[in-house]
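Following: one structure in structure tokens, then a few remarks.
Atoms within a ligand are numbered from 1 in the order they appear, just like the ligands themselves.
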Amino acid sequence: MLELDWTHLPFGYVKTDYNVRSYYRNGKWGELEISSSEYVSMHIAASSLHYGQEAFEGMKAFRGKDGKIRIFRWEENAKRMESSANGVMMAVVPHELFLKAITTAIRLNERFIPPYGTGASLYLRPLLIGTGARVGVKPADEYLFLVFVTPVGPYFKEGFKPVALQIARDHDRAAPKGTGRFKVGGNYAASLSAGEEAHASGYAAALFLDAKEKKYIDEAGPANFFAIKGNKYITPKSESILPSITNKSLMDLARDMGMEVEVRPVPVEELAEFDEVGACGTAAVISPVCKIDDHLTGHVYKYCNDGQAGPVSTKLYKRLQGIQYGDEPDIFGWNYIVE
Ligand SMILES: *Cc1c(COP(=O)(O)O)cnc(C)c1O
């Protein structure tokens with residue numbers, strides 16, 4: 001029996017036993033291969049290294065009280081990887097191959113799935129990269145799809161604690177007709193300097209505005225933005241944000257709780273009118289936000305609730321986690337049970 005300090009695991013990389021890989025060559029995907037190496041060997045002129053032909057996914061597997069292993073909405077991740085692949089001209093991973101790869105990687109590393117009740121889970125990282133050699137700028141003709149897994153601890157070690165964000169007025173992560181809606185590494189490279197500046201000033205993340213007008217909220221680094229105003233769940237409509245599966249699920253839960261959901265441009269000034277604000281994504285589900293600092297204009301917006309997360313965010317968080325761990329009925333059919 002593997003003994004890891006499950007409740008104190010960081011959100012980071014822990015070596016597991018195996019990863020799985022499939023190569024796209026001569027116009028088709030090869031058999032899934034199992035590897036125990038943490039390394040990839042590829043051509044020095046691979047298109048992923050030079051021209052950023054790469055996309056990834058992030059998802060989790062959860063061990064329930066009943067001992068079953070659940071993965072959350074995998075088809076949404078498969079569809080999004082398909083969209084990212086098309087976005088940067090890569091071979092598309094068929095959904096059956098995607099499912100086979102994640103379930104194989106989970107089963108082979110079963111001893112790394114954290115026990116129920118620790119708040120930890122198994123993070124799955126599907127990755128698609130151009131491996132074909134290219135010096136002229138052109139899509140590659142060979143690709144590698146791989147999935148590795150790593151156990152991750154609970155995101156909030158001191159409980160569900162609110163964080164502060166800094167508006168990144170002097171940075172953009174993605175252009176309006178660019179790659180912001182695809183889950184590609186280039187967007188992350190473009191957001192690193194804003195994120196590091198925010199961290200250096202004591203903020204959890206940078207909050208990006210729309211690149212064209214700097215009038216509307218886009219998203220918070222690697223997480224979507226949402227706000228609660230009265231009985232409304234509000235989240236930005238923008239062509240440069242990544243469509244978060246967590247956000248989509250929270251919208252369904254909000255509707256189910258009798259709330260109205262608005263997906264529309266969210267002007268920065270409206271930050272003064274919200275009751276609760278949160279950032280959402282697979283890693284944390286929800287990071288409640290207690291303060292947003294627009295440091296270049298001097299505006300500060302606060303959502304205090306005595307240093308606690310607001311009641312609506314807390315309820316949404318508990319319901320989503322309850323479904324993921326199998327504690328609550330899966331009324332939307334979101335879970336896939338790994339046999
Ligand atoms: C992955 C990601 C998210 C969160 O998406 P989920 O599907 O909820 O995990 C949000 N923003 C960006 C930029 C992302 O890459």
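- For Arg80, the closest heavy-atom approach to ligand 1 falls below 4.0 Å.
- Gln308 places no side-chain N or O within 3.5 Å of a backbone atom of Lys161 that could act as its donor or acceptor partner.
- The contact set between ligand 1 and Arg173, taken as ligand atoms under 4.0 Å from a residue heavy atom, comprises 13 (C).
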Exercise for the section: Begin from the C-alpha positions of Thr282 and Ile245 and carry the test side-chain contact (heavy atoms from CB on, under 4.5 Å) through to its verdict. Expected result: CA-CA 8 Å; Thr282 294; Ile245 297 160; 5.8 Å; no
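- Contact atoms of ligand 1 toward Gly221: 13 (C) (distance under 4.0 Å to a heavy atom of the residue).
- Using a 4.0 Å cutoff on heavy atoms, Ala283 does not count as a contact of ligand 1.
- Lys212 and Glu239 are not joined by a salt bridge, as no carboxylate oxygen comes within less than 4.0 angstrom of a charged side-chain nitrogen.
- Protein heavy atom closest to atom 9 (O) of ligand 1, with residue, atom name and distance, is Thr282 OG1, 2.6 Å.
- Every atom of ligand 1 with a heavy atom of Asn224 under 4.0 Å away is listed here by number and element: 10 (C), 11 (N).
- Closest to atom 10 (C) of ligand 1 by heavy atom, among Pro243, Pro222, Ala284, is Pro222.
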Practice task
Begin with the C-alpha distance, continue with both residues' side-chain angles, and end with the deciding distance and a verdict on side-chain contact (heavy atoms from CB on, under 4.5 Å) for Arg134 and Asp141.
Solution key: CA-CA 9 Å; Arg134 281 285 177 262; Asp141 51 7; 4.0 Å; yes
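- A salt bridge links Lys248 with Glu76: the closest approach of a Lys/Arg side-chain nitrogen to an acidic carboxylate oxygen falls below 4.0 angstrom.
- Annotation for ligand 1: atoms under 4.0 Å from non-hydrogen atoms of Gly281 are 4 (C), 8 (O), 9 (O).
- In Met59, neither the side chain nor the backbone holds a heavy atom less than 4.0 Å from any atom of ligand 1.
- Closest protein heavy atom to atom 2 (C) of ligand 1: Lys183 NZ, 2.6 Å.
- The ligand atoms of ligand 1 that sit less than 4.0 angstrom from a heavy atom of Tyr188 are 2 (C), 12 (C), 13 (C), 14 (C), 15 (O).
- If you check which protein heavy atom lies closest to atom 11 (N) of ligand 1, you get Glu219 OE1, 2.7 Å.
- Comment: Lys214 does not engage Asp218 in a salt bridge, judged by the lack of any side-chain N to carboxylate O separation of less than 4.0 angstrom.
- Salt-bridge annotation for Lys318 and Glu328: absent, with no side-chain N of the basic residue lying under 4.0 Å from a carboxylate O of the acidic one.
- A salt bridge links Glu273 to Lys229: one of the charged nitrogens lies within less than 4.0 Å of a carboxylate oxygen.
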